[in-house]
Amino acid sequence: MDTTVSTTATDQTTAPQSQGLSRRSFIAGAAGAAVIGAGLGSTVFDIFHPTEAFADENSPVELRYSYCDMCNHMPKCGIVCHVKEEKIVRVESRTGYPSSPLCAKGIASLQELYDPNRILTPLKRINEKGSGDPQFEPITWDEAYATIAEKFNAVKAEHGADAVFFFCGDPKEPRGAMQRVATLFGSSSYGTESSVCAAASWLCANLVFGQQSVGADPGEDSTCSLIWSLNAAWSQPNRFNGLMSAKERGVKFVVVDPRITPVVSGLADVHLQLRPGSDGALAAGFINQIIVNEYYDKEFVENWTVGFEELKAYVAEYTPEKVEEITWVPADKLIEAVRIMAKSGPGTLVTSSKGGCHQTNVGNYQRAVFMIPALLGFLDVKGGMALGPGLPFDYAASTRGFQLEDVYEAQGYQERRHDLKDFPVWARYYKMIQTVKLPEYVAEGKIRAGVLLGVNSMMWPDTPRYQEAIKNMEFTVALDYYMRPWTHDFVDMLLPAAMCYERSAALAVFGRKIFLREPAVAPLGEAREDWRIILEIGSALGYEEQCFGGNVEAALAEVLRTTGLEVTIDDLKAHPDGFEIPGNPPEERKYASGKLRPDGQPGFNTPSGKVELVSQVLTDLGFEGLPIYEEPIHSPLSEDAAQYPLILNTGSRVPYYTHSKLRDLPWLNQFMPDPIVRLNPADATARGLTDGDKVRIFNQQGEIEMFAEVTNIVMPGVVDIFHGWHQADVNLLTTRDFDPITGFPPFACGLCQIEKA
Ligand SMILES: Nc1nc2c(c(=O)[nH]1)N[C@H]1C(S)=C(S)[C@@H](COP(=O)(O)OP(=O)(O)OC[C@H]3O[C@@H](n4cnc5c(=O)[nH]c(N)nc54)[C@H](O)[C@@H]3O)O[C@H]1N2
Ligand SMILES: Nc1nc2c(c(=O)[nH]1)N[C@H]1C(S)=C(S)[C@@H](COP(=O)(O)OP(=O)(O)OC[C@H]3O[C@@H](n4cnc5c(=O)[nH]c(N)nc54)[C@H](O)[C@@H]3O)O[C@H]1N2
Ligand code: SF4
Ligand SMILES: [Mo]
């Protein structure tokens, strides 16, 4: 059956209504067909516009409110949906909402909603996994749930509940529900995309000052800010607004980034353009200058830190000159940057999940970075980085109570975790396993079945290892909007997830304001929202009451109840502009008043109660306590550099795409229709390459082909490649050299060579 009509992306933008089958015939066709093929031979751009996405122009418009989640899968920018005949015909920015305005991805979100390649019915696999041509046939939801329950319970009976894996990929909203169901089922094998995203940064902040953090944007009272690698202009445009306003207020910025990004050109007073992966040395140099020039807050260091003398001795050799040699950052720039931060303060540190985390040495280097605001006396002071509890929600607007963390603790899940020996530091802080060793856990028979929500095999280094692992599991069910052969060719079942505007969970929490999202339209076809599917799986597994029979509103009511706050779903419904939880005015130096520790004692929530410049958690677990810099495993200084002389820096965000997503949307695809590799003119000339050339990029791991973009945004010696292109997956070139503290892969610092294809 051919449900698609091939057109080019530009055809679709100019002639949307003239193409192909209607939405209704697609749904009917899909449901009635015996088999749905992946069409591996065709491209994901073979799409058409369903006429039914268009309403009669004269119908009345109703305005409904939702959020865009396209850049990070949490309720972000506020959206007003113009709804006609129960179809969203237009989206625009919601004024007065905490997050705005819409970027190109937000505006294009309607093309995703009405993309005819969405899967709209549960599907089961009918040919061999890993065949290269996955074939699925539609099944009912009842059959899907009955099969999942039977398979999971059989694995549990024979191998224990930990052999069933509960995973959320980039979609972060469903985490609370997924963790709850995993715990109810008795499995400690709950994991998420945080394994390779921001959690290395959170972990390091925890080790240094006892609180999860990726830093803080400068506030009204801040005078400076050290941005260590974030490129918000492209990764979080909504946030970039705030940073630009801070610049207008006169806040000074130091930006650490190997590239000349819009954050650098728009904000930086000093740009520290370092060699990717050399951050640990730059941070040591920063600290050296803070100490040598006596810029540190002496009272704070004396009373609230441990390990200062050891740190001072360690950084003594990291003089600006030596740091220049290692990092390629001119010595005078480093001196100037430290001076700006020290002389202006208080200010903030902003880190990111990308440059911040994707290195073999991140567990040490990122700790060194978090020590900078601590030494400068910026922690929990006006204009600095506020610490302490906000509302009792976690990162994905859920709660410890909803996730049943007391059950996890009381019933000894921690001791059974598969990752406990591999990544003991990670395991100490998170009730989710570090997933990078999934291939090993499957090979060893520790993981045998799983529910994989929004899973993308290309998110991990050395993609084929993960595809193989998913394939070798006895039974897996994926939840997605689309059928993605590079992942779903290896699963047994695929369930259709409802999109952003069709969902009600999760809650949106901004500061002390909580918003309830009401679906702007009903899910297309038989799609269901992720929370509902997970809770229905939980119900099928035998936990109907604890899973509210799949009722999402009841589950959200439980989330609210477990916050312990005085707020109900009805309160949220009565306050579409957000229900504000009253709070006391912000308090400074809460470490002195005992408000940062669960035991109410003064100090930070670390073993010593102090900011740990030498980490006790690490030394107790047999690691080095000081934040010692080590060269990346594959670096210009390593042996393989002779063969692969260019630094492979992958994953830096582009404004139009999110990971493997959104390539299907014509409005976005026109900006970057093909995979590109960015390289500096010097490196291009040396290889006889010009802009637009087709090139081979290769190293000891593998090879991909892309088109060259010759640009000064990248420094000489470095190539910059965005991830998530299934036709040119850069994770065929990245290595599984995991940082021992965090488990993170070195996406930012590998090696490669380039030549004309
Ligand atoms: N080389 C390299 N690799 C990287 C990175 C890098 O910088 N370089 N970055 C890493 C980081 S930080 C991250 S976060 C990961 C990205 O993590 P991934 O999980 O790889 O992200 P996506 O490509 O967005 O894939 C998510 C899948 O979920 C589906 N999906 C999207 N939204 C929903 C939803 O709401 N519900 C359901 N059920 N499915 C949905 C999409 O269609 C897609 O198939 O990649 C990591 N991998
Ligand atoms: N458009 C779009 N937006 C996104 C995403 C997306 O895929 N597309 N993904 C979302 C997700 S899951 C995440 S995690 C965030 C990431 O958000 P960001 O961290 O802002 O994104 P990146 O562009 O990956 O990385 C930031 C900067 O790190 C620099 N960098 C690279 N290597 C190094 C290094 O070795 N050291 C240092 N100091 N810096 C380095 C890059 O040059 C880049 O400019 O973006 C989110 N927003
Ligand atoms: S910044 Fe863009 S993609 Fe991200 S939530 Fe806002 S509109 Fe959506
Ligand atoms: Mo991420």
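In each ligand, atom 1 is the first atom listed, and ligand 1 is the first ligand listed.
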With rounding to the nearest 0.5 angstrom, report the CH2 to OG distance, Trp202 to Ser213. 11.0 Å
Option with minimal heavy-atom separation from atom 12 (S) of ligand 1, where the choices are Arg653, Met459, His723: Arg653
Looking at ligand 1, would Met458 count as a contact under a 4.0 Å heavy-atom criterion? no
Just checking, is any N or O donor in the side chain of His634 or Asp640 under 3.5 Å from an acceptor N or O on the other one? yes
Check: of Asp530, Thr463, Leu452, Ile119, min heavy-atom distance to atom 37 (C) of ligand 1 comes from Asp530
Ligand 1 atoms nearer than 4.0 angstrom to some heavy atom of Gly651 are 6 (C), 7 (O), 8 (N)
Using 2.8 Å as the cut-off, note every protein N, O or S atom close to atom 2 (Fe) of ligand 3. Cys103 SG
Which atoms from ligand 1 have a heavy atom of Asn731 less than 4.0 Å away? 1 (N), 2 (C), 3 (N)
Answer yes if the side chains of Gln701 and Thr734 hold a donor-acceptor pair under 3.5 Å, and no otherwise. no
Please work out which of Asp69, Asn456, Asn72, Leu495 has its closest non-hydrogen atom nearest to atom 20 (O) of ligand 1. Asn456
What atoms in ligand 1 come closer than 4.0 Å to a heavy atom of Val730? 1 (N)
Return the SG to OH distance between Cys77 and Tyr67, rounded to the nearest 0.5 Å. 12.5 Å
Parallel, tilted or perpendicular, as decided by the 30° and 60° cut-offs, for the rings of Phe510 and Tyr97: perpendicular
Can you list the ligand 1 atoms lying under 4.0 Å from a non-hydrogen atom of Cys197? 12 (S), 14 (S)
May I ask whether Met499 has any heavy atom positioned less than 4.0 angstrom from an atom of ligand 1? no
For atom 15 (C) of ligand 1, state which one of His726, His659, Lys661 supplies the nearest heavy atom. His659
How long is the gap from CG on Leu203 to CD on Gln434, to the nearest 0.5 Å? 9.5 Å
Determine whether the side chains of Asp729 and Thr463 contain a donor N or O and an acceptor N or O closer than 3.5 Å. yes
Quick one: does Glu173 get a heavy atom under 4.0 Å from ligand 1? no
At less than 4.0 angstrom from any non-hydrogen atom of Gly169, what atoms of ligand 1 do you find? 19 (O)
Which of the listed options, Thr734, Asp170, Leu662, Asp480, holds the heavy atom that is closest to atom 29 (C) of ligand 1? Asp480
protein heavy-atom neighbour closest to atom 35 (O) of ligand 1 works out as Tyr481 OH, 2.8 Å
